[in-house]
Colleague: 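I'd like to ask some things about the structure below.
Remember, predicted model here, so these are calculated numbers, not experimental data.
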Amino acid sequence: MAQITADEGRAVSKRFDKPERKQKKTRAALTIYLFLYNFCSAVAWSYPLVMTILHLLGKDSSSLVGKQGHPVLIQKLLAMIPTTNVNYPPLKYAHFFPRWALPYIQRATTTYSVIGTATNWIQSFAVLEVVHSALGWVRSPVFTSAAQVASRLAMVWDTAPRYTIAQQNPIYTSMVLAWSMTETLRYAFYAFSVLGFEPYPLLWLRYTAFFVLYPIGAPSEAFVNFSTLPVSLYPFDLHLDQWVPIDFYHAFLFLLWWPALWYLYTYMMGQRRKVLGKRPASSSKMAKKDQ
């Protein structure tokens, strides 16, 4: 029986080691890419979050830049904040709100002019999530990811740019706030998770904040769509004779959001029980399934 020499053995070993080394390099490259994607997405979504809060507080660049006591670097950063020297549209149904809330609601009618374009492009990069899911790089269901991304893209590239009433709707602001808070938390959590490190406060927020943010974000999307329909609330009248085909599409989306919200809400409740109910042993594995 022929014996394998030492040199032959090393040659055989190298042939078997090459695919394994290649797989390790591929996994390392994928880990780096997913970390950078999630990190950059978290930073990107923090922009509309901070800008919207500053806008609601009346703290745009025209009110901040030039004040005494700001260091030069802070002055330069503040100068990057857009100004909002615009005329506010008439506020409908102002008598329904307490007087202290009126300035915030009034500013909310111009949020789109501050972060509308940025939000459109930031949301567009979420298309890559569907690609990641389809390629098996993450374990998110392809259909769920595609449906969520498609509904938001329809909002930012069709509904909001097409209709001034959608841009001036204060509910657009609550929608962007819910989106940006949710995505900043989600992407920050995924960035750490890719590296195998999951800070518990961030993990808890990831699987708890949705209790508040989902019921704000999804209904806000629905009612921004509803605001584009030629209906009157007082007195209530659908005015179906004035509808055009695009109105039926928006009405369909409005009706679709409610079962979609229920599905996502119950899904996240189940994920929360699996992840937070079994800390610390299995939370990392379960959390990765939700990416």
Colleague: For F125, does the CZ atom sit with more than 12 other heavy atoms under 6.0 Å from it, leaving out its own atoms?
Modeller: no
Colleague: Does any part of the side chain of L205, heavy atoms only, come nearer than 4.5 Å to the side chain of F210, both counted from C-beta?
Modeller: no
Colleague: Could you check whether the rings of F226 and F254 sit parallel, tilted or perpendicular, using 30° and 60° as the cut-offs?
Modeller: tilted
Colleague: For residues V212 and I216, report the shortest heavy-atom separation together with the two atoms involved.
Modeller: O-CG1, 3.3 Å
Colleague: Decide yes or no for W157 and R162: does some side-chain heavy atom of the first lie under 4.5 Å from some side-chain heavy atom of the second?
Modeller: no
Colleague: Could you pull out the closest heavy-atom pair between L153 and S124, with the gap in Å?
Modeller: CD2-CA, 3.7 Å
Colleague: Can you establish whether the number of heavy atoms outside W258 located under 6.0 Å from its atom CH2 is more than 12?
Modeller: yes
Colleague: Please report the interatomic distance NE2(H250) to CD1(I246), rounded to the nearest 0.5 Å.
Modeller: 4.5 Å
Colleague: Taking all non-hydrogen atoms of both residues, which atom of I165 and which atom of S227 are closest, and how far apart?
Modeller: CD1-O, 3.4 Å
Colleague: Over 60° means perpendicular and under 30° means parallel, so tell me whether F39 and F35 are parallel, tilted or perpendicular.
Modeller: parallel
Colleague: Would a 4.5 Å heavy-atom cut-off, applied to side chains only, mark Y187 and C40 as touching?
Modeller: no
Colleague: When you look at T159 and Y172, which way does the side-chain contact (heavy atoms from CB on, under 4.5 Å) test go after all the steps?
Modeller: CA-CA 11 Å; T159 306; Y172 176 87; over 6 Å; no
Colleague: Does R186 make a cation-pi contact with F189, if we ask for NZ or CZ under 6.0 Å from the ring centre and within 45° of the axis?
Modeller: no
Colleague: To the closest 0.5 Å, what do you measure between CD (Q271) and CZ (R206)?
Modeller: 8.5 Å
Colleague: Using the benzene-type ring in the case of Trp, are the ring centres of W243 and F252 under 6.0 Å apart?
Modeller: no
Colleague: Near R27 CZ, under 6.0 Å, is it more than 12 heavy atoms from other residues, nucleotides or ligands?
Modeller: yes
Colleague: Give a yes or no on whether the backbone of Y112 and the side-chain of Q167 come within a donor-acceptor separation of less than 3.5 Å.
Modeller: no
Colleague: Show your reasoning for whether side-chain hydrogen bond (donor to acceptor under 3.5 Å, both in side chains) applies to H55 and T110.
Modeller: CA-CA 9 Å; H55 176 63; T110 57; 2.9 Å; yes
Colleague: Which pair of heavy atoms, one from L185 and one from A209, lies closest together, and at what distance?
Modeller: CD1-CB, 3.8 Å
Colleague: State, with a plain yes or no, whether a side-chain heavy atom of D237 is found less than 4.5 Å away from one of V231.
Modeller: no
Colleague: Which label fits Y265 and F211: parallel for a plane angle under 30°, tilted from 30 to 60°, or perpendicular past 60°?
Modeller: perpendicular
Colleague: Are V138 and F143 grouped together when hydrophobic residues (ILVMFWY) are joined by side-chain heavy atoms under 4.5 angstrom apart?
Modeller: no
Colleague: Quick one, Y190 with H132, criterion ring pair (Phe, Tyr, Trp, His ring centres under 6.0 Å). Give me CA distance, side-chain angles, the key distance, then yes/no.
Modeller: CA-CA 13 Å; Y190 287 164; H132 299 164; over 10 Å; no
Colleague: Give me the atom names and distance for the closest heavy-atom approach of P170 to T109.
Modeller: CG-CG2, 3.8 Å
Colleague: Kindly determine whether S193 and E198 satisfy side-chain hydrogen bond (donor to acceptor under 3.5 Å, both in side chains), including the steps that lead there.
Modeller: CA-CA 5 Å; S193 182; E198 296 173 356; 3.1 Å; yes
Colleague: Are the side chain of T266 and the backbone N or O of Y263 linked by a donor-acceptor pair below 3.5 Å?
Modeller: yes
Colleague: Give the C-alpha distance, both sets of side-chain angles, the deciding distance and a yes or no for side-chain hydrogen bond (donor to acceptor under 3.5 Å, both in side chains) between T184 and S46.
Modeller: CA-CA 6 Å; T184 301; S46 68; 5.5 Å; no
